[in-house]
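Remarks on the structure that follows.
Just so we're on the same page: letters track the sequence lines, and every chain starts at 1. Small disclaimer: the values here were computed from a predicted structure and weren't measured.
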Amino acid sequence: MSEQQSDDIGLTDRLDRLRIEPGNLGVSVLDLTAVGVFVLFLLLLVGVGVLSLNYGMYLLGLVGMYGFMVVGLNIQWGYAGLINFSVIAFWGIGAYAAALLTSPGSPHDILLSPVIALVVAIVVAAIVAVLIGIPTLRLRADYLAIASLGFAEVIRLLFLNEREWTAGSRGISGAPELFGWLPVEPVVRLLSAEASIGTARNTIVILGMLFVGYLLVRRIHRSPWGRVVRTIRGDEDLAKALGKNTYMMKMQAFVIGCVLMAVAGWFYMYAFQYLDPGELEPLQTFYVWVALILGGTGSDRGSIIGAVTIVAILEGTRFLNEIDLVVALFEAIPGITLNVSAVRLLLVGLLIIFVIRFRPQGLLPPKEELIWPGAASDDTQSRERQATREQRGVDE
Amino acid sequence: MSAELSLTYDGADLDKDDVVLRTESLKKSFGGLTATDDVSIAVERGSITGMIGPNGAGKSTLFNLISGFYELDSGSVYVNDTEVSGMKPYEIARSGLMRTFQTPRRLEGMTVREAMLVGPQGQSGESILPLFFGGSKVRTEETANLEDAQRMLERFEIDHLANAPSTELSGGQLKLVEMARAMMAEPDVLLLDEPVAGVNPTLAKKLAGFIEELNEEGQTFLIIEHDMSFIMRIADPIIVLDQGRVLMEDTPETVRSDERVIEAYLGGSP
Ligand SMILES: Nc1ncnc2c1ncn2[C@@H]1O[C@H](COP(=O)(O)OP(=O)(O)OP(=O)(O)O)[C@@H](O)[C@H]1O
Ligand SMILES: [Mg+2]
């Protein structure tokens, strides 16, 4: 009887086994449209000559990298309410895993494959996250904040001073091709003769990984797990009183977030081909926080929007001194010279003030309700389901 | 005089044959202040046990000790005859004891329906791996829980609030949601800390009705409440706490007319 049943499974059950749920993957048509519009916009910029194709692809790669960090921080702060000030340290763990294990400039003559570096980055980030989590996550949120702030500095100084291991401030340069087996070249050449294959490859890899990562993250966000974690953020005692192992779940959220940050760092080494501890400045952690708050704390879509925004700010301000009007403006004020990095911070500060004043929940705040895909979320659906159930009951 | 009495008092001695929650000589002090002093009580299965006492008598502290939120100085707690003292709050909850808090907090970013779904115990989707390797099981559970939540909300006559963000509820509505959510966990005993504080009289009356109805179906309650008419109407027996000690335990009628209780409330206790 049961054998017969398992032979006779419907399409939905079959898709279920493949863990694919049509229409419930976590991205809507609207999301895809938004991404499409954004890419068209970039192409337009390339078309009119504001942006070179290679630079545009590079920017997209950067969005992918920040995307991983912001989505990771969103799991920690947006879902669970964990304050992590060591985003850049976990990024650094990933970046150094890539640099030390795969770069020809590494002080260790290893030259492993980037895939192995990725696995090492993930495992090391997870272990370190657990080690930080054990003493801090049982305590109130501020302990993690303080500990992570200190940890970020420890990591930076470690990479700076352990020269024999890390090459110190000399840095590590060069990196192998990322996923050389991907048939990127023929496809890109079809579209453009001058595009850099390396940049295209990196961008495709990171955006592909971000897309997959995003789907997985959406899945846990909408799950009972995500619901409990969001309860913990609102009221941890309540979650405990309802029988939830809050320590364990905070730990999971923290580890997952840190792993995503390490993936971002891993990617960096292949995109930039150079790494030194100067990249591990606390300011970088701050930018990720800004991105999350601007995009919408607690929202997965918002995290991506935040990543786009922060890249636009960081890269956009690079060209301030090429815009005649801006230069003229600064020359008009006696005694002040245009300092791009200062203006960048000023802009970030202004933007934060504007968002907090006019849109405190961020550009794309999270939805009020998240329910597991396919579980009845409206009345008609649930009534239908109940009807089928009753019918079955009668038949059997 | 009353001090002597409470020393010899032992709730477990009253002939209760099926006890769901029992405490033995619980003690807790904060610095020099003894908030709970040698408290032994027993809650009979199927009862609505009331707990009264003046402000600062140690009622909420006792709840926090029982549910594991405060660490005991000494004594032990049993749920269904299993010792739970020393366990973590979530473990005690899983052993069948649910509680609400005196000051409920709102869950930001959740609808009432979603908040209700935090109640059910043992959801497989609360672990990470089943989310990727047991999607259909998670979905089945989730569908069933949604239906249960809907039924529970209807039962508490707040189903019209299912789509409302938790942050938009009134204090009274929030108390109802809290109770409904705790019921989703199917507890053996439900501890309510001042369920009608700040709730308007009409809603309080309704709430009393819900509690009695659930009790008739077998649900056990231990309820702290200052509202005398409320607690006297629904609870029997009633435990009186004063200055961290059990002053007496008896029927509402006896408690109401007891001199020591009146004295305690007037602030004239020894
Ligand atoms: N965490 C704590 N730290 C220090 N003192 C506390 C703590 N919790 C309770 N107390 C003290 O213990 C005593 C008993 O407090 P508790 O809250 O249990 O009283 P209660 O009977 O619930 O009063 P109420 O009716 O006002 O809610 C009070 O004096 C209170 O100040
Ligand atoms: Mg109290």
Heavy-atom proximity to chain B below 4.5 Å, by part of A:I256:
side chain
NZ/NE/NH1/NH2 to OD/OE distance under 4.0 Å, A:R222 and B:E142
no
Any side-chain to backbone donor/acceptor pair from A:R219 onto B:L131? Under 3.5 Å, distance only.
yes
Region of B:P120 that comes under 4.5 Å of a non-hydrogen atom in chain A
backbone
Verify side-chain contact (heavy atoms from CB on, under 4.5 Å) between A:L242 and B:M184, making sure each step is shown before the conclusion.
CA-CA 10 Å; A:L242 290 168; B:M184 293 283 289; over 6 Å; no
Enumerate by number any residue of residues 246-254 of chain A whose heavy atoms lie under 4.5 Å from heavy atoms of chain B; in the absence of such residues, state 'none'.
A:M249, A:Q252
So, taking the atom named OG in B:S67 and the one named CG in A:D237, what distance separates them when rounded to the nearest 0.5 Å?
9.0 Å
Examine distances only and state if a side-chain atom of A:K240 and a backbone atom of B:F69 form a donor-acceptor pair shorter than 3.5 Å.
no
Checking B:E91 against chain A: side chain, backbone, both or neither under 4.5 Å from a heavy atom?
neither
Any side-chain heavy atom of B:R181 sitting closer than 4.5 Å to one from A:L238?
yes
Minimum heavy-atom separation for A:A241 and B:R99, please, with both atom names.
CB-CG, 4.0 Å
Could you measure the distance from the CD atom of B:Q123 to the OG atom of A:S223? Nearest 0.5 Å is fine.
9.5 Å
If you count heavy-atom pairs within less than 4.5 Å of chain B, which of A:N245, A:T231, A:V228, A:I220 leads?
A:N245
For the interface with chain A, which of B:E141, B:Q121, B:E178 has the highest count of heavy-atom pairs at distances below 4.5 Å?
B:Q121
Could you walk me through whether A:D235 and B:F101 satisfy the side-chain contact (heavy atoms from CB on, under 4.5 Å) test, starting with their C-alpha distance in whole Å, then the side-chain angles of each, then the deciding distance to 0.1 Å, before giving a yes or no?
CA-CA 11 Å; A:D235 189 341; B:F101 292 92; 5.5 Å; no
Give the C-alpha distance, both sets of side-chain angles, the deciding distance and a yes or no for salt bridge (Lys or Arg N to Asp or Glu O under 4.0 Å) between A:R227 and B:E114.
CA-CA 8 Å; A:R227 187 163 60 220; B:E114 213 182 346; 5.7 Å; no
